[in-house]
Asker: 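Below is one structure. I have some questions about it.
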Amino acid sequence: MRRLSLRIAAFALTGSVLANSTHAQLPSPSAPASPPAAAPSEQAEAQQDIVVIAERSERGSIDRTTYIVRDNAEARSSSALDLLGRVPSVDVSPSGQVRLIGRSGVGILIDGKEVPGSTAFLRAMQGSAVAKIEVVTNPSAQFSARGTGGIINIITRRTEAAGLGGSITASAGSFGSYEGRISPSWTRGKLSLGGSIGVRRDGSRSEFEEERVGVEPGDQADGTEFQRSRGTTDQLNASIRASAEIASRQTISLSAMAVETDGRTSARSEIVEGGSTSQERSLATTDGRMRHVRADYRREGSRPGGQTSLSAGHSSFRFDADRRFTTESAGGQSLFRLRTEAATSNSMIKADH
């Protein structure tokens, strides 16, 4: 699906980046490999367009790379799923499927914990809420059950830029697709508040032809099916987060997110098999719901990298699908229905030192 985006920053934004001379900035895909030198003012302006930069892994592991996300206007007008698509070796399809070095089955973690319905979660999460992205291409035994194609761990941000900020984002695409999101934030002293509310519609059109051919020489095609389909998926999402510094180097944070999805896909097929022709129509409706709440306490240690944290949270994801088929042939008409219901939920309490 081709998408044309228009993003409008609605508030004055300020931000900072944890970077030093060892960090390698990721170039824009359209930029030349060796850009000419620019004046200092031009360089400062150009750096605002770079959202993700790489740093040396904190653990020094050869299978893990950590990327820092800038808290700037571009991050505020992007989703966490958009940011993943800008990370080297990570590919995100229009449907939201994540691949790492071309492999599927990637485990998505938020602050080291699994979240049901991760695609919907990442689409609803504002990019500026992401502090770091850890990419593990060869998971160790502790991650072996979470993702056969690798692990992506998204570490959330604990503080916002001072003052009032935020963004208004709008985009439009083919087949009636569109997206809109409002994401305000406010920070004063030791208190930070932020959140977002957004709507999204994904439209799709597809067609395919399938032919079955005998394996013996001279055999003719056993059957052919040609299908055309069209569909839409609507999503409404909302999130809120708050954090406060309760003492020196000690913070608590609360976050909540809700996502509702509703999809509808219709298809029409023509099937030629054994010299007879039949027509098949199908209508599929889907309904999804995701809820996530979490509370965190974090204390920074006196030694570099030292930290004590306590987390508690609950996540739930529910998916319902109903598909009805109508087949018409010389023998008459047949109807059948396929219904799927799935639900996942988990609660966790975790302490780290």
Asker: Do E270 and T277 make a side-chain contact, defined as non-hydrogen atoms from C-beta onward lying under 4.5 Å apart?
Answerer: yes
Asker: Who passes salt bridge (Lys or Arg N to Asp or Glu O under 4.0 Å) against R298, sequence neighbours left out?
Answerer: none
Asker: My understanding is that only residues two or more places apart in sequence, or in another chain, count here; which of them pass side-chain contact (heavy atoms from CB on, under 4.5 Å) with S206?
Answerer: S229
Asker: Could you pull out all donor-acceptor pairs under 3.5 Å where a side-chain atom in residues 282-291 meets a protein atom, sequence neighbours excluded?
Answerer:
residue	atom	partner	partner atom	Å
T286	OG1	G263	N	3.4
R291	NH1	E260	OE2	3.3
R291	NH2	E260	OE2	2.6

Asker: Under the salt bridge (Lys or Arg N to Asp or Glu O under 4.0 Å) test, which residues partner R99, sequence neighbours left out?
Answerer: none
Asker: Test side-chain contact (heavy atoms from CB on, under 4.5 Å) on I155 and E134 and set out the steps.
Answerer: CA-CA 8 Å; I155 302 174; E134 292 183 341; 3.7 Å; yes
Asker: Give me the atom names and distance for the closest heavy-atom approach of H314 to S347.
Answerer: ND1-OG, 2.6 Å
Asker: Counting heavy atoms not belonging to L335, are there more than 12 under 6.0 Å from its CG?
Answerer: yes
Asker: Is it true that a side-chain atom of S93 and a backbone atom of Q97 form a donor plus acceptor pair closer than 3.5 Å?
Answerer: yes
Asker: Any side-chain heavy atom of I246 sitting closer than 4.5 Å to one from Y297?
Answerer: yes
Asker: Any idea how F325 and F336 line up, ring-wise: parallel (<30°), tilted (30 to 60°), or perpendicular (>60°)?
Answerer: parallel
Asker: Under the side-chain contact (heavy atoms from CB on, under 4.5 Å) rule, what do M257 and N237 come out as? Steps first, then yes or no, please.
Answerer: CA-CA 8 Å; M257 179 180 294; N237 58 76; 5.9 Å; no
Asker: Mind checking whether V135 and I101 sit in one hydrophobic cluster, side chains of I, L, V, M, F, W, Y counted as touching below 4.5 Å?
Answerer: yes
Asker: With I154 as reference, evaluate D111, V69, V130 under the side-chain contact (heavy atoms from CB on, under 4.5 Å) test and give the passing residue.
Answerer: V130
Asker: Counting N and O atoms only, with roles assigned by atom type, does the side chain of R200 sit under 3.5 Å from a partner on the main chain of R123, one being a donor and the other an acceptor?
Answerer: no
Asker: Less than 4.5 Å apart, side chain to side chain, heavy atoms only: is that true for R230 and S266?
Answerer: yes
Asker: Show your working on side chain to side chain donor-acceptor pair (under 3.5 Å) between S253 and S243 and close with a plain yes or no.
Answerer: CA-CA 4 Å; S253 61; S243 63; over 6 Å; no
Asker: Answer with yes or no whether the hydrophobic clustering places V106 together with V92; edges join I, L, V, M, F, W, Y residues whose side-chain heavy atoms lie under 4.5 Å apart.
Answerer: yes
Asker: Would you sort out whether L122 and L84 count as a side-chain contact (heavy atoms from CB on, under 4.5 Å), showing the intermediate values?
Answerer: CA-CA 9 Å; L122 295 177; L84 282 185; 3.7 Å; yes
Asker: Go through the side-chain N and O atoms of S316 and S345 and say whether any donor and acceptor fall under 3.5 Å apart.
Answerer: no
Asker: Go through the structure and list residues passing ring-ring contact (aromatic ring centres under 6.0 Å, His included) with F226, not counting sequence neighbours.
Answerer: none
Asker: With sequence neighbours left out, write down each residue that passes side-chain contact (heavy atoms from CB on, under 4.5 Å) with R188, or none if nothing qualifies.
Answerer: W186
Asker: Could you verify whether a donor N or O on one side chain and an acceptor N or O on the other, from S269 and E280, lie under 3.5 Å apart?
Answerer: no
Asker: Would you say V98 and L81 make side-chain contact, with heavy atoms under 4.5 Å?
Answerer: yes
Asker: Please list, chain by chain and in numerical order, all residues satisfying side-chain contact (heavy atoms from CB on, under 4.5 Å) with T344, sequence neighbours excluded.
Answerer: P116
Asker: Return yes if some donor-acceptor pair links the side-chain N/O of T169 with the main-chain N/O of G180 below 3.5 Å, else return no.
Answerer: no
Asker: Could you check whether any side-chain heavy atom of T156 comes within less than 4.5 Å of a side-chain heavy atom of I110, counting everything from C-beta outward?
Answerer: yes
Asker: Write down the atom of A295, the atom of L254, and the distance for their closest heavy-atom approach.
Answerer: CB-CD2, 3.5 Å
Asker: Output all residues satisfying salt bridge (Lys or Arg N to Asp or Glu O under 4.0 Å) with E210, sequence neighbours left out; order by chain, then residue number.
Answerer: R212
Asker: Taking only residues two or more places apart in sequence, or in another chain, which ones meet E207 in a salt bridge (Lys or Arg N to Asp or Glu O under 4.0 Å)?
Answerer: R228
Asker: How long is the straight-line distance from OG of S239 back to CZ of R241, given to the nearest 0.5 Å?
Answerer: 6.5 Å
Asker: May I have all residue pairs that pass salt bridge (charged side-chain N to carboxylate O under 4.0 Å, His left out) and include part of residues 321-332, sequence neighbours excluded?
Answerer: R281-E328, D322-R324, D322-R337, D322-R339
Asker: Under the side-chain hydrogen bond (donor to acceptor under 3.5 Å, both in side chains) test, which residues partner D234, sequence neighbours left out?
Answerer: R201
Asker: Not counting sequence neighbours, which residues clear ring-ring contact (aromatic ring centres under 6.0 Å, His included) with F208? List them please.
Answerer: none
Asker: Determine, step by step, whether T119 and F121 satisfy the side-chain contact (heavy atoms from CB on, under 4.5 Å) criterion, reporting the C-alpha distance in whole Å, the side-chain angles of both residues, the deciding distance to 0.1 Å, and the verdict.
Answerer: CA-CA 5 Å; T119 299; F121 190 98; over 6 Å; no
Asker: Between OG1 of T66 and CD1 of I68, what distance do you get to the nearest 0.5 Å?
Answerer: 8.5 Å
